[in-house]
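Since the structure comes first, as structure tokens, the remarks are kept for the end.
Computed from a prediction, not measured in an experiment: that's the story for all the values here. Computation of the quantities below employed the complete heavy-atom set of this structure, encompassing side-chain atoms and omitting hydrogens, waters and symmetry-equivalent molecules.
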Amino acid sequence: MTHDPRPTTYRIAWLPGDGIGREVTEPALGVLDAVAEAHGFFLDVEEHAVGGCAIDATGTPLPDSTREACLAADAVFMGAVGGPAWDDQPPETRPERGLLDLRRALGTFANLRPVAVPETLAEASPLRREIVAGTDLLIVRELTGGIYFGEPRGTVQEAGETVAFNTMRYTDAEIERIARVGFDWARRRGRRITSVDKANVLDVSRRWRALVSEIGAVDYPDVHLDHLYVDNAAMQLVRNPCGFDVVLTSNLFGDILSDLAATLPGSLGLLPSASLGGRVGLFEPVHGSAPDLAGQGVANPLAAILSGAMLFDALDRPEAAAAIRTGVTGALDAGYRTADLAAHAQTAVSTEAMARCVAQYALRAPSRASLVVE
């Protein structure tokens, strides 16, 4: 009998966040626990504060105890942060600052955002079915460099007026490491990658394009590479989303394009993400904290659940990740919908009920009739 060298227990730092963060990540963890146990391993989950709730409790969006717990974990599972209650916070102590600082502490320089539109959900898209059905792309976004972190930055007085400035800056090492992530994922998928830049205007983009081209030609000749300017890429994402496989881009452009692509399925509640690159990965749904939905039990947990599938992939538990994705597909194919996905004639199920449906399909429930929803 072959010994499995993988751990049997994994430490998960759970950061529920704000708004609907807890409402979607808690039932998602229930799905992860059930699937993990069915596949012979276990999750040791510890809860920690981040974002607005951490500001209320400690005065900072990323307490030292949270940072240390995340660095000591095998993975970080997180809900969204922020909300109107903290809009008046200074920039350095806003809830979002906690997320940025956590990404930097973990060294997660690569953000992966898969966007898929299955046939069963094509009608929910704001685009026509024939355009969007079958979309299956992956955005690979550089996460810890570029204009969000470049120096110098600030606000100064010049000639009697206020001037604000930020610096877009990338080193060759930063470009190369994210490019290799993109090319590696292209090899796992359809061997096509589109690098997005603004090389007709920006010196940074010209260097980005040149280095990505060199890496592709030398080390990934089996992967087809093309380049698009970011404005054209945005247009093509809504004109022909099925034409993309892997999209590689910088921090600012990736932020914009991934949010644009997130509209393709018709709901942010379907889209997971993984931030990788350091020893510990960070996994979170793409959607925000949606404080207007908090406490109602109607939020869509699928993005959080699918983020959990990416977490299992990163822990080298692909069979458990596949089971979760099977569970999501099974629940959707059977017609279960939360309020954001339900058409006029459909009855929406609650957050908890959707998670239970996914878990039962993931564990190969014998029939749809056995599922209990509310």
Please determine whether side-chain contact (heavy atoms from CB on, under 4.5 Å) holds for the pair Arg97 and Gln89, giving the CA-CA distance in whole Å, both sets of side-chain angles, and the decisive distance to 0.1 Å. CA-CA 10 Å; Arg97 187 75 243 171; Gln89 289 285 328; over 6 Å; no
Side chain to side chain donor-acceptor pair (under 3.5 Å) between Glu142 and Thr249, intermediate numbers included: CA-CA 6 Å; Glu142 199 289 322; Thr249 191; over 6 Å; no
Stepwise salt bridge (Lys or Arg N to Asp or Glu O under 4.0 Å) check, Asp245 with Arg191: CA-CA 8 Å; Asp245 182 18; Arg191 294 183 181 270; over 6 Å; no
Stepwise, does the side-chain contact (heavy atoms from CB on, under 4.5 Å) test hold for Val140 with Val247? CA-CA 6 Å; Val140 178; Val247 177; over 6 Å; no
Check the pair Thr60, Thr93 against side-chain contact (heavy atoms from CB on, under 4.5 Å), reporting the backbone distance first and the verdict last. CA-CA 6 Å; Thr60 178; Thr93 58; over 6 Å; no
Apply the test side-chain contact (heavy atoms from CB on, under 4.5 Å) to residues Leu276 and Thr108: give CA-CA distance (whole Å), side-chain angles for both, the deciding distance (0.1 Å), then the verdict. CA-CA 4 Å; Leu276 307 173; Thr108 54; 5.7 Å; no
List the steps, then state whether side chain to side chain donor-acceptor pair (under 3.5 Å) holds for Ser267 with His287. CA-CA 9 Å; Ser267 172; His287 60 71; over 6 Å; no
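Taken together through direct or relayed side-chain contacts under 4.5 Å among Ile, Leu, Val, Met, Phe, Trp and Tyr, Leu257 and Tyr229 form parts of separate hydrophobic clusters. The hydrophobic cluster containing Phe253 also contains Leu112, counting ILVMFWY residues as joined when their side-chain heavy atoms lie under 4.5 angstrom apart, directly or transitively. Residues Met78 and Trp86 do not share a hydrophobic cluster, clusters being chains of Ile/Leu/Val/Met/Phe/Trp/Tyr side chains in contact below 4.5 Å. The hydrophobic cluster containing Val81 also contains Leu102, counting ILVMFWY residues as joined when their side-chain heavy atoms lie under 4.5 angstrom apart, directly or transitively. Under the 4.5 Å side-chain contact rule for hydrophobic residues, Leu293 and Leu270 do not share a cluster.
Side chain of Thr25 to main chain of Gly21: a donor-acceptor pair is present (N/O by atom type, distance under 3.5 Å, no hydrogens or angles). The main-chain N or O of Ala173 is never found under 3.5 Å from a side-chain atom of Glu176 such that the two would form a donor-acceptor pair. A donor-acceptor contact shorter than 3.5 Å links the side chain of Thr263 to the backbone of Leu260. Between the side chain of Thr135 and the backbone N or O of Ala116, no donor-acceptor pair lies under 3.5 Å. Judged purely by atom type and a 3.5 angstrom limit, Arg279 uses its side chain to pair as donor or acceptor with the backbone of Leu71. Remark: the backbone N or O of Ala353 is paired with a side-chain donor or acceptor of Ser350 at under 3.5 angstrom. At distances below 3.5 Å, not a single donor-acceptor pair connects side-chain atoms of Arg364 with backbone N or O atoms of Ala323. Distance alone, capped at 3.5 Å, is enough to place a donor-acceptor pair between the Arg192 side chain and the Gly243 backbone. In this structure, the side chain of Arg337 engages the main chain of Leu332 through a donor-acceptor pair within 3.5 Å. Between the side chain of Ser205 and the backbone N or O of Leu202, no donor-acceptor pair lies under 3.5 Å.
A 4.5 Å side-chain heavy-atom check between Val163 and Gln157 finds every atom pair outside the cut-off. Counting heavy atoms from C-beta outward, Pro272 and Phe283 have side chains that stay 4.5 Å or more apart. Two residues are said to be in side-chain contact when any heavy atoms from C-beta on lie closer than 4.5 Å; Asn300 and Leu341 meet this criterion. With a 4.5 Å cut-off on side-chain heavy atoms, Leu237 and Leu137 count as touching.
Taking each heavy atom of Ala290 and Ile20 in turn, the nearest pair found is O-CG2, 3.6 Å. The nearest pair of heavy atoms linking Pro291 to Gly83 is CG-CA, 4.5 Å. When all heavy atoms of Phe312 and Leu32 are compared, the pair lying nearest together is CZ-O, 3.6 Å. Counting all heavy atoms, side chain and backbone alike, Ala233 lies closest to Phe244 at O-CZ, 4.1 Å. When all heavy atoms of Met310 and Ala274 are compared, the pair lying nearest together is CE-CB, 3.6 Å. The shortest heavy-atom contact between Ala80 and Gly288 is CB-C, 3.3 Å.
The residues Asp87 and Arg94 are annotated as salt-bridged, a charged nitrogen and a carboxylate oxygen being separated by less than 4.0 angstrom. One finds a salt bridge joining Arg103 and Glu284 here, because a Lys/Arg side-chain nitrogen approaches an Asp/Glu carboxylate oxygen to under 4.0 Å. The residues Arg207 and Asp172 are annotated as salt-bridged, a charged nitrogen and a carboxylate oxygen being separated by less than 4.0 angstrom. With respect to Arg169 and Glu151, no salt bridge is recorded, no charged nitrogen being found less than 4.0 Å from a carboxylate O. A salt bridge between Asp313 and Arg317 is absent, with no side-chain N of the basic residue lying under 4.0 Å from a carboxylate O of the acidic one. Using a cutoff of 4.0 Å between basic side-chain nitrogens and carboxylate oxygens, Arg113 and Asp259 are scored as salt-bridged. Ion pairing between Arg206 and Asp197 fails under the 4.0 Å rule for side-chain N and carboxylate O. With salt bridges taken as basic N to acidic carboxylate O contacts below 4.0 Å, one links Glu47 and Arg22.
In this structure, the separation between CD1 on Ile175 and CD on Glu214 is 11.0 Å, given to the nearest 0.5 Å. In this structure, CG in Asn166 is found 5.0 Å from CD1 in Ile147, a value given to the nearest 0.5 Å. For the atom pair OG1 (Thr338) and CD (Glu352), the distance works out to 13.0 Å, reported to the nearest 0.5 Å. To the nearest 0.5 Å, atom CG of residue Leu29 and atom CD1 of residue Ile12 are 8.0 Å apart. To the nearest 0.5 Å, the span separating CG on Leu271 from CD1 on Ile139 amounts to 9.5 Å. With values rounded to the nearest 0.5 angstrom, Ser250 atom OG is found 11.0 Å from Glu174 atom CD.
Contacts classified as salt bridge (charged side-chain N to carboxylate O under 4.0 Å, His left out) and involving residues 63-75 (residues at least two apart or in different chains) are given here: Asp64-Arg67. Sorted by first then second residue, the ring pair (Phe, Tyr, Trp, His ring centres under 6.0 Å) pairs that include residues 122-170, not counting sequence neighbours, are Tyr170-Trp208. Residue pairs meeting the side-chain hydrogen bond (donor to acceptor under 3.5 Å, both in side chains) criterion with at least one member in residues 29-40, sequence neighbours excluded, do not occur.
Within a 6.0 Å radius of CZ in Arg187, more than 12 heavy atoms belonging to other residues, nucleotides or ligands are found. Counting non-hydrogen atoms of neighbouring residues, nucleotides and ligands closer than 6.0 angstrom, the CG atom of Asp44 exceeds 12 such neighbours. Arg188 CZ: more than 12 foreign heavy atoms inside a 6.0 Å radius. More than 12 heavy atoms of other residues, nucleotides or ligands shown are found within 6.0 angstrom of CZ on Arg6.
Figure legend: cation-pi geometry between Arg177 and Phe109, with NZ or CZ positioned under 6.0 Å from the six-membered ring centre and within 45° of its axis.
Taking the centre of each ring, Phe41 and Tyr10 come in below the 6.0 Å mark.
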